[in-house]
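Note that the coordinates shown come from a computational prediction; the quantities given were computed from them, not determined experimentally. We name chains A, B, ... by the order of the sequence lines, and we start the count at 1 in each one.
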Amino acid sequence: DGGITQSPKYLFRKEGQNVTLSCEQNLNHDAMYWYRQDPGQGLRLIYYSQIVNDFQKGDIAEGYSVSREKKESFPLTVTSAQKNPTAFYLCASSPGLAGAKNIQYFGAGTRLSVL
Amino acid sequence: AQSVTQLDSHVSVSEGTPVLLRCNYSSSYSPSLFWYVQHPNKGLQLLLKYTSAATLVKGINGFEAEFKKSETSFHLTKPSAHMSDAAEYFCVVSSNFGNEKLTFGTGTRLTIIP
């Protein structure tokens, strides 16, 4: 099946710990994105990548890091510097940079909670 | 600059009655507009998109939306609600020029009353 796979579905973080969320796509899309979703706030862009080995900060990048070593993979690390990490994290991809011509497709999400 | 306002955080309708979810947008350039649906603990699925062609856009599952430039609106409608329509709906705007990041509304939760 073609699509976007996020893992794990649920993740728990201890104080001072870094955790990594996985996002893999087999759609052969160039662009990938990470969003954070909080109740009543819609989706906010954390990081995005248009091409392998390149990525840009979104609106709320502080406390997060990413890498894009392979076209199909875009992992997100939530570092200990992120003081309020509890949220639902969504990964998306699109053939090119999203907008009029390129629809974003979403994974099923990872729910991160703090112990 | 671009922004989107979903006018209702929660809408309740009875099964079989019409659905109206309201969205107003602001964009410095000609916009593209989208409606996405999210079922609980799931990712987002595209319902429909407007990209400067026909102003009345038909989407999946019987939904449609009308782009009204004079009112800067892109309201989502469905003639007859079904129980499976219960979900959260997001209106999204993107510019057709320059930086094409998506800007999401805060969502409207649709409840269907049996």
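The part of A:Gln37 that comes within reach of chain B is its side chain, from C-beta onward, which places non-hydrogen atoms under 4.5 angstrom from that chain. Both the backbone and the side chain of B:Leu44 come within less than 4.5 Å of a heavy atom in chain A. Only the side chain of B:Tyr36 comes within contact range of chain A, with heavy atoms under 4.5 Å apart. Contacts of B:Gln38 with chain A are made by side-chain atoms alone, with heavy-atom separations under 4.5 Å and no backbone atom involved.
A single hydrophobic cluster is seen to contain both A:Phe106 and A:Leu27, as judged by linkage of ILVMFWY side chains at heavy-atom distances under 4.5 Å, directly or through other members. At a threshold of 4.5 Å between side-chain heavy atoms, the hydrophobic network of Ile, Leu, Val, Met, Phe, Trp and Tyr places B:Leu47 and B:Val92 in two separate groups. Hydrophobic clustering (side-chain heavy atoms under 4.5 Å, transitive across Ile, Leu, Val, Met, Phe, Trp, Tyr) groups B:Leu46 together with B:Phe104. Residues A:Tyr89 and A:Leu43 do not share a hydrophobic cluster, defined by chaining ILVMFWY side chains whose heavy atoms lie under 4.5 Å apart.
For B:Lys42 against A:Leu90, the heavy-atom pair with the smallest separation is O-CD2, 4.4 Å.
The distance from atom CG of B:Asn41 to atom NZ of A:Lys9, rounded to the nearest 0.5 Å, is 6.5 Å.
More than 12 heavy atoms of other residues, nucleotides or ligands sit less than 6.0 Å from atom CG of B:Leu7.
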